[in-house]
2 protein chains.
Amino acid sequence: MFFHFKDRFPKLNAYWDRYLPFQKRMEVPAKTVLLQEGKISQHYIFIEKGCVRTFFNNNGDDKTVQFFFENEGLSSFDSFVNNVPSSFTIETIEPSVIYLLPRQYVSQLMDELSHEPDFAQMILQMTARRQMHYINEFVSIIRDTPEQRYQLLLNERPHIIQRVPQHYIASYLGVSKVHLSRIKSKLAKGKSHF
Amino acid sequence: MFFHFKDRFPKLNAYWDRYLPFQKRMEVPAKTVLLQEGKISQHYIFIEKGCVRTFFNNNGDDKTVQFFFENEGLSSFDSFVNNVPSSFTIETIEPSVIYLLPRQYVSQLMDELSHEPDFAQMILQMTARRQMHYINEFVSIIRDTPEQRYQLLLNERPHIIQRVPQHYIASYLGVSKVHLSRIKSKLAKGKSHF
DNA sequence: CCGGGACGATAACATATGTTATCAAGTTCA
DNA sequence: TGAACTTGATAACATATGTTATCGTCCCGG
């Protein structure tokens with residue numbers, strides 16, 4: 001769905017910074033659609049402040065796929081790279097400050113990068129990381145119960161639970177919002193009397 | 001977890017073929033472990049005949065992650081690229097004919113490839129495809145019921161159902177083998193009287 | 001040719017999860 | 001400020017799914 005090389009490969013920061021002038025800064029309120037499901041992605045999105053989710057519509061209700069926060073970048077990767085309609089909507093959750101870099105500059109940037117001596121190695125590593133992320137999402141959902149998945153979120157990515165409305169989290173976990181509420185109250189009970 | 005550029009980008013076949021001599025051919029029975037969970041992946045695996053699954057152990061029982069068939073290639077991608085212990089076991093399901101290409105040659109191959117003019121574009125496309133595959137797995141499991149997922153398999157990847165033992169499919173779908181059996185019999189009833 | 005193991009179906013019961021409806025509190029905005 | 005909307009909790013009921021146990025078939029190796 002996206003890559004973000006900034007900070008991951010410091011030697012690439014110089015390249016990245018060269019493209020800063022082409023990025024368009026925007027301050028937007030919550031629930032702003034940055035890319036509509038069905039449209040073709042034209043920008044790489046970088047989040048300076050705020051948070052964002054990707055989701056798709058399924059018979060009227062959303063299914064959230066992923067959350068993004070400060071200093072993360074994303075695009076609807078398949079749409080962006082292969083010029084096909086996006087399967088996902090990208091929408092802000094909080095009022096946010098974001099930067100948009102048009103696709104043409106990203107292509108240009110990639111071409112420049114490909115002359116770096118160990119470009120192949122870097123891109124493989126980035127790719128491997130991204131793949132592991134999504135494979136882990138899949139693994140977690142066939143391995144863990146929704147309750148365990150919620151606990152994992154609580155332990156490993158607490159910022160999500162703190163900043164994201166509960167029904168988005170529910171659809172991301174693959175359960176109904178009612179059931180997520182049950183899970184929370186069950187965990188609360190387990191903790192309270194000790 | 002894997003890439004396979006052969007057939008996807010025909011212009012690369014020449015590169016690939018140059019490395020054929022370094023591949024080791026093996027004929028192995030069913031249930032042969034090609035890579036053990038916890039070991040570091042040393043080979044890229046290509047399947048000439050037979051089929052293979054990747055899985056991990058979870059409290060005694062396996063969880064299957066993916067199936068591979070003739071003319072597909074795989075590795076435990078993260079392990080292979082980043083030289084870390086593999087999270088998965090790779091094991092044959094049927095008696096199979098496979099080729100192993102040691103990692104050093106794969107690195108070499110990638111380096112050669114990186115001189116191709118639109119290497120960046122190709123690798124992005126490959127990456128996007130792989131990402132979409134895993135994202136779709138995730139999306140399907142938060143969107144669809146196990147019954148729907150079984151139907152999808154039946155319609156879109158029937159070879160899996162024909163060739164793979166049912167309990168592997170069950171763990172891949174994220175349900176118990178008992179429940180998969182129930183799903184099958186329910187679907188059979190729906191079909192029989194018409 | 002026999003015996004064990006792999007595979008799959010089914011039943012019975014316990015638990016998890018979905019659905020619908022209702023209520024309460026907080027937020028937003030005219 | 002008041003109405004509408006968003007968010008979240010809870011109850012009650014229906015359904016889906018897990019667990020354990022049993023049985024039958026098939027297949028492979030001694």
Problem set entry | Between dT15(C) (C1') and Q148(A) (CD): distance, integer Å | 14 Å
Problem set entry | Listed nucleotide nearest any side-chain atom of V178(B), set dT10(D), dT17(C), dT10(C) | dT10(C)
Problem set entry | Nearest-angstrom distance from the residue atom CD of Q162(B) to C1' of dG8(C) | 17 Å
Exercise. Does the gap between the ring centers of Y44(A) and W16(A) come in under 6.0 Å?
Worked result: yes
Exercise. CD1 of I141(B) versus P of dT17(C): gap in Å, rounded?
Worked result: 13 Å
Seminar exercise, completed: note: N58(B), atom CG; dG18(D), atom P; distance rounded to Å ~ 13 Å
Exercise. Among dT20(C), dT10(C), dT7(D), which nucleotide sits nearest the side chain of H167(A)?
Worked result: dT7(D)
Exercise. Expressed in angstrom and rounded to an integer, what is the separation of K177(A) atom NZ from dC23(C) atom C1'?
Worked result: 14 Å
For this session: Mind calculating the distance between CD (E94(A)) and C1' (dT27(C)) to the nearest angstrom?
Result: 15 Å
Problem set entry | Distance below 4.0 Å between K31(B) side-chain N/O and dC7(C) OP1 or OP2 | yes
Problem set entry | Which nucleotide in dA11(D), dT10(C), dG18(D) has an atom nearest any side-chain atom of S185(B) | dT10(C)
Exercise. Side chain of Q36(B), backbone of T89(B): donor and acceptor closer than 3.5 Å?
Worked result: no
Exercise. What is the distance, rounded to the nearest whole Å, between atom CD1 of I93(B) and atom P of dA6(C)?
Worked result: 16 Å
Exercise. Would D17(B) and N13(B) count as having a side-chain donor-acceptor pair, cut-off 3.5 Å?
Worked result: no
Problem set entry | Ring-face cation contact, F69(A) with R163(A), 6.0 Å cut, 45° max | no
Problem set entry | Closest non-hydrogen atom pair between F138(B) and I141(A), with its separation | CE1-CD1, 4.2 Å
For this session: Would you indicate, yes or no, if dA9(C) has its OP1 or OP2 atom less than 4.0 angstrom from a side-chain nitrogen or oxygen of K184(B)?
Result: yes
Exercise. Counting side-chain heavy atoms from CB outward, which of dT20(D), dC7(C), dT6(D) is closest to P165(B)?
Worked result: dC7(C)
Problem set entry | Protein-nucleotide distance (K186(A), atom NZ; dA9(D), atom P), rounded to Å | 16 Å
Exercise. Taking the side chain of Q166(B) as its heavy atoms from C-beta onward, which of dA9(C), dG8(D), dT10(C) lies nearest to it?
Worked result: dA9(C)
Exercise. The side chain of S181(B) lies closest to which of these nucleotides: dA9(C), dT17(C), dT17(D)?
Worked result: dA9(C)
Problem set entry | Quiz item: R182(A) side-chain donor-acceptor pair to dG8(D) base, under 3.5 Å | no
